[in-house]
Amino acid sequence: FSLMQAILAIYLKSLLISAVLVLVLSGLYMLGTISRNYDKPLSVRQNKIFDVLLIDILTIPILSFAVLAVLIILKSR
C-alpha cells in the first residue's frame with residue numbers, strides 16, 4: 001500500500017463525504033425553495049434548480065479538499 005494509494009483513498013473518501021453533505025443540504029434547500037415559490041412559473045423554479053446544481057458542481061471539489069485536510073489530521077493522530 002503505497003503513499004499515493006493511501007492519499008487517493010483518503011481523497012476519494014473525502015469526495016464522497018463532501019458530495020453527500022452538499023447534495024443533502026442542497027436538496028433541503030431546493031425542497032424549501034420549490035415549496036415557497038410554487039405559485040411562480042415553471043421556468044423560474046427550473047432556473048433555481050439549475051443554479052443550485054451549478055453551485056453544487058463548484059462546491060463539492062473545494063469542500064472535498066477541506067474534508068481531506070481534516071481526515072489527514074485525524075489519521076495522523
Name each donor-acceptor pair under 3.5 Å that joins a side chain in residues 68-77 to protein atoms two or more places apart or in another chain, with its distance.
unit_1, atom_1, unit_2, atom_2, d
Ser76, OG, Ile73, O, 2.8

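Ile34 places a side-chain heavy atom less than 4.5 Å from the side chain of Ile49.
For Asp56, the side chain to side chain donor-acceptor pair (under 3.5 Å) criterion is met by Ser26, not counting sequence neighbours. Take Ile7 and apply the side chain to side chain contact (heavy atoms under 4.5 Å, CB included) test, not counting sequence neighbours, and it matches Leu3.
Hydrophobic clustering, with ILVMFWY side chains joined whenever heavy atoms are under 4.5 angstrom apart, keeps Val52 apart from Leu63. No path of Ile, Leu, Val, Met, Phe, Trp and Tyr side chains, each step under 4.5 Å between heavy atoms, connects Leu53 with Leu23, placing them in separate hydrophobic clusters. One hydrophobic cluster, built from ILVMFWY side chains closer than 4.5 Å, holds both Leu15 and Leu25. By the criterion of side-chain heavy atoms lying less than 4.5 angstrom apart, applied directly or through intervening Ile, Leu, Val, Met, Phe, Trp or Tyr residues, Val22 is grouped together with Phe65 in one hydrophobic cluster. Under the 4.5 Å side-chain contact rule for hydrophobic residues, Phe50 and Met30 share a cluster.
Note that CG of Leu21 and CG of Leu16 are 11.0 Å apart. Values are rounded to the nearest 0.5 Å.
When all heavy atoms of Arg45 and Lys40 are compared, the closest pair comes out as NE-O, 3.5 Å.
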